[in-house]
*Asks:* 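Starting off with a structure, shown below.
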2 protein chains.
Amino acid sequence: MANATLNDEELAERAGLIFRTFGYEGASLNRLAAATGLEKASLYYRFPGGKDAILMAAVEGVGAWFEANVFEPLRKPGPLAHRVDAVAARLREFYGDGTKPCVLDTLSLRGAAPELQSALQGALAEWLKAFASVATEAGFPTDEAERRAEQALIAIEGSLILTRVTGKSDLFLSVLAELRPRLIGE
Amino acid sequence: MANATLNDEELAERAGLIFRTFGYEGASLNRLAAATGLEKASLYYRFPGGKDAILMAAVEGVGAWFEANVFEPLRKPGPLAHRVDAVAARLREFYGDGTKPCVLDTLSLRGAAPELQSALQGALAEWLKAFASVATEAGFPTDEAERRAEQALIAIEGSLILTRVTGKSDLFLSVLAELRPRLIGE
DNA sequence: GTCTATAGCTTGATAGAC
DNA sequence: GTCTATCAAGCTATAGAC
């Protein structure tokens, strides 16, 4: 990699990809060290709390990314359809066309700290709220808006799994393409 | 537990639940031993290939369960709607109302044998084909039938994730309740 | 056919040199 | 602030008693 030592943000981002890809138990310190270009002992210097601290930093990093690239853009003024399309494009990046798993999926398996579980729960709730707000703004009643938000998120998560198994991106990409009609009904 | 030594089928089934719950790297031999009531050395006697052999037996067991409880019932004669509803009921059991993860999800993370990946790929293809056949039988053209099969499976996998994170079963159960209209259009 | 005991390796984590 | 070297505990796997 040849990095002149990464800052905490970049560190957490690289670690996050390892956790997403291998899960909590599969994300060994050796893999984390290889992915960050630091030795294990250096990771402990940067994150004295060890593996769990790296994990929480990674999860917070993902949360910050979603706030900046999904939640905030969805709240901004401007044509609703444009906002949703722009967010779909950012999600496509985040998930690497469907090749990179979702934190909500990978890290919700048993084995990690219970502290993590509530963090994931909060992140999911926030995501659902952001999607539902968009549907509400599009004119749907509260119930229908929430239903649409749930269905949209279910489709994203489900298509990520099918894409991961088949190795073909088209299912995930077509779900993203249908995000706009799903949320705001065209 | 108090088992008078389990047969290979029961053994694979219990192991399968551990693999589904903890993932490949999280399914340690200690956990497998605890779940089966056998000591580690005994597991090696039953499955000389070790952990990977147990995994493959578990995956094959899941495959056999799906053949007997999903694919075959969907092919049987009788009212189409009844068949789909019956299968939805069996799926509800298999996934423990959404509390038990799907093999396609949990085991498709990196870390396991590449042999497994193609097994999962085949299982997914078979499942899609079974669902598409039902939609075709209901009168939908091939393209539409395949689309409906994909959307149904995406909804199942996605709702399992959301259910796992929130801890509430209702999303998964409502997806199952909508399986019939999704596949055969009411 | 199951057990106890243990080998050899990898894990998460620490000590101490630079 | 990063490194090498090392620890105890866990891992997969094997040997051998019964």
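Letters A, B, ... are given to chains in the order of the sequence lines, protein chains preceding strands, and every chain is numbered from 1.
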*Asks:* Within a radius of less than 6.0 Å around CD of B:Glu9, do more than 12 heavy atoms belonging to other residues, nucleotides or ligands occur?
*Replies:* no
*Asks:* Starting at CG of B:Leu55 and ending at P of D:dA13, how long is that distance when rounded to a whole Å?
*Replies:* 12 Å
*Asks:* Using atom CG of B:Leu43 as one end and atom C1' of D:dC11 as the other, report the distance to the nearest whole Å.
*Replies:* 14 Å
*Asks:* Would you say a side-chain N or O of B:Tyr45 is under 4.0 Å from OP1 or OP2 of C:dT2?
*Replies:* no
*Asks:* Ignoring backbone atoms, test whether A:Thr5 places a side-chain nitrogen or oxygen under 4.0 Å from the OP1 or OP2 oxygen of D:dT2.
*Replies:* yes
*Asks:* Indicate the ring-plane relationship of B:Phe66 and B:Tyr95, choosing parallel, tilted or perpendicular according to the 30° and 60° boundaries.
*Replies:* perpendicular
*Asks:* Which atom pair, heavy atoms only, marks the closest approach of B:Thr163 to B:Asp97?
*Replies:* CG2-O, 4.3 Å
*Asks:* Is the distance from OP1 or OP2 of D:dC11 to the nearest side-chain N or O of B:Arg31 less than 4.0 Å?
*Replies:* no
*Asks:* Rounded to whole angstrom units, what separation is found between the CZ atom of B:Arg46 and the P atom of D:dA13?
*Replies:* 18 Å
*Asks:* Checking the side chain of B:Arg20 only, and the main-chain atoms of B:Val103 only, is there a donor and an acceptor separated by less than 3.5 Å?
*Replies:* no
*Asks:* Of all residues at least two apart in sequence or in a different chain, which pass the ring pair (Phe, Tyr, Trp, His ring centres under 6.0 Å) check with B:Phe140?
*Replies:* none
*Asks:* Under a 3.5 Å distance rule, please check whether B:Glu10 uses its side chain to pair with a backbone N or O of B:Asn7 as donor and acceptor.
*Replies:* yes
*Asks:* At under 4.0 Å between heavy atoms, how does the protein contact nucleotides 3-18 of chain C? Give one character per nucleotide, 5' to 3', with B, S or -.
*Replies:* BB------SBBBB---
